[in-house]
Amino acid sequence: MRQKLVVFSGAGISAESGLATFRDNDGLWENHDVHEVATMGAWRANPALVQRFYNERRRQVRDASPNAAHEAIARLEDVFDVAVVTQNIDDLHERAGSSDVLHIHGQIVRSRSSVDSSLTYPIDGWELSMGELCEKGSQLRPDVVWFGESVPLMSEASRIVASADVFVVVGSSLQVYPAADLIYHVRPGVLKYFVDPAGPGTMESQGFEHIREKAAVGVPLLVERLLG
Ligand code: NAD
């Protein structure tokens, strides 16, 4: 039976693909205060600004390519039963070839009804406009989880993390909750790795081997070891 390897990724894994992280700039995300663009209050106050912000993120994601870290994670499927749990709203894991990816904070390439969260749709191109409606007649919003909203996929993500025989965290400040709590669902005795040039300084005391490299360097090195 193949071992189960779970990857938990954050914005840092996509940094070398040219997509900005969130916390590295003091809570400013691409020069916007997150409260003005990534909360329900922001959507109520100025939905057009929120759409513009996410349209720009979507255009950047479309123009970005997976990097060596995403690609190395996809190669792990040669040997392991791999599940990726990502905080990222980009689709770079899928485009690198990973076949099992759970986006706990949603997907920028999809839209969602603003009255019925079960209604989601692929977005054609990079732009979602005011006036585009779901089948129930309400405005479509990006299918992403905003700050202050609940994370409906948390229990599924916890179950996946608890099934890991090997657990790898890549490029996350582990400051965004409840997602950051996932690391506490790993079973005792499981091998744990953390690839991030910075991140919390306490990972070693929590049983992680902390590989202090950028993802595009550190992840391929780790994958070589795990496949070796
Ligand atoms: P974060 O911005 O809070 O933390 C980024 C982490 O990445 C830091 O620990 C930093 O040291 C590390 N990092 C920076 N460059 C790196 C590199 N080259 N290689 C490896 N690590 C690197 O990100 P987070 O913990 O994911 O939480 C922020 C939230 O913002 C997430 O929930 C996510 O949904 C959202 N977000 C997503 C994207 C995306 O989809 N690409 C981008 C920005 C923010």
Side-chain angles (χ1 to χ4, degrees), residues 7-39 42 50 53-73 84-96 98 101-110 123 126 142-154 157 168-183 193-203 206 208-223:
V7 175
F8 178 44
S9 63
I13 196 171
S14 297
E16 288 151 281
S17 294
L19 303 178
T21 62
F22 161 62
R23 250 163 223 275
D24 287 334
N25 329 316
D26 281 328
L28 284 178
W29 188 5
E30 298 269 352
N31 304 318
H32 288 273
D33 180 337
V34 286
H35 298 290
E36 284 169 13
V37 289
T39 64
V50 174
F53 175 77
Y54 281 97
N55 284 343
E56 185 52 27
R57 304 279 76 69
R58 197 176 298 108
R59 198 180 55 74
Q60 287 182 6
V61 166
R62 184 200 61 179
D63 293 345
S65 301
N67 64 51
H70 301 100
E71 285 162 1
I73 287 167
V84 177
V85 175
T86 187
Q87 300 168 83
N88 293 347
I89 58 179
D90 68 54
D91 59 355
L92 297 183
H93 281 296
E94 287 91 339
R95 281 158 56 195
S98 284
V101 185
L102 185 73
H103 287 268
I104 58 174
H105 290 158
Q107 300 182 66
I108 198 163
V109 293
R110 296 187 71 82
I123 295 172
W126 59 274
D143 183 22
V144 301
V145 173
W146 286 324
F147 290 92
E149 291 191 302
S150 65
V151 182
L153 293 174
M154 268 305 282
V168 180
V169 180
V170 185
S172 179
S173 64
L174 298 172
Q175 299 295 308
V176 174
Y177 288 87
D181 280 329
L182 280 176
I183 64 167
Y193 302 92
F194 179 54
V195 184
D196 193 307
T202 53
M203 298 305 277
Q206 298 186 65
F208 283 81
E209 178 180 336
H210 188 166
I211 299 168
R212 292 174 198 278
E213 298 277 2
K214 290 185 172 184
V217 172
V219 175
L221 286 174
L222 175 61
V223 166

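Whatever order the structure lists them in is the order used to number ligands and atoms, beginning at 1.
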When you check the side-chain N and O atoms of [X] and [Y], is any donor under 3.5 Å from an acceptor?
X: S172; Y: Q87; value: yes
X: H32; Y: E56; value: no
X: H93; Y: S9; value: yes

For [atom], which protein heavy atom lies nearest, and how many Å away is it?
atom: atom 12 (C) of ligand 1; result: D196 OD2, 3.2 Å
atom: atom 26 (O) of ligand 1; result: A11 N, 2.8 Å
atom: atom 39 (C) of ligand 1; result: D90 OD2, 3.6 Å
atom: atom 15 (N) of ligand 1; result: A15 CB, 3.8 Å
atom: atom 25 (O) of ligand 1; result: S172 OG, 2.7 Å
atom: atom 14 (C) of ligand 1; result: D24 OD2, 3.3 Å
atom: atom 17 (C) of ligand 1; result: G12 O, 3.3 Å
atom: atom 27 (O) of ligand 1; result: V176 CG2, 3.5 Å

For ligand 1, which atoms sit closer than 4.0 Å to a heavy atom of [X]?
X: N88; result: 37 (C), 39 (C), 40 (O)
X: H105; result: 31 (C), 32 (O), 34 (O)
X: E16; result: 17 (C), 18 (N), 19 (N)
X: G199; result: 9 (O), 11 (O)
X: G10; result: 26 (O)

- To which of F8, F194, F22, F147 does the heavy atom nearest atom 30 (O) of ligand 1 belong? F22
- Query: For atom 5 (C) of ligand 1, which candidate among A215, G218, G171 provides the closest heavy atom?
  - Reply: G171
- Main-chain N/O of G106 paired with D143 side-chain donor or acceptor, under 3.5 Å: no
- Task: Validate the cation-pi geometry between R57 and F53: distance from NZ or CZ to the six-membered ring centre under 6.0 Å, angle to the ring axis within 45°.
- Result: yes
- Message: With a 4.5 Å cut-off on side-chain heavy atoms, are D196 and V170 touching?
- Response: no
- Item | Sub-4.5 Å side-chain heavy-atom contact between V7 and V85 | no
- Item | Region of K214 engaging ligand 1 - heavy atom pairs below 4.0 Å | both
- Checking heavy atoms under 4.0 Å, the part of A20 that sits near ligand 1 is backbone
- Task: Starting at OG1 of T86, measure out to CZ of F8 and round the result to the nearest 0.5 Å.
- Result: 8.0 Å
- Note on the structure: Looking only at heavy atoms, the pair that brings N67 and S14 closest together is ND2-CA, 4.2 Å
- For F208, all residues meeting ring-ring contact (aromatic ring centres under 6.0 Å, His included), sequence neighbours excluded: none
- Query: So, does Q175 sit close enough to ligand 1 that a heavy atom of it is under 4.0 Å from the ligand?
  - Reply: no
- Under the side chain to side chain contact (heavy atoms under 4.5 Å, CB included) criterion, do E209 and L222 qualify, and how do the steps go? CA-CA 11 Å; E209 178 180 336; L222 175 61; 5.9 Å; no
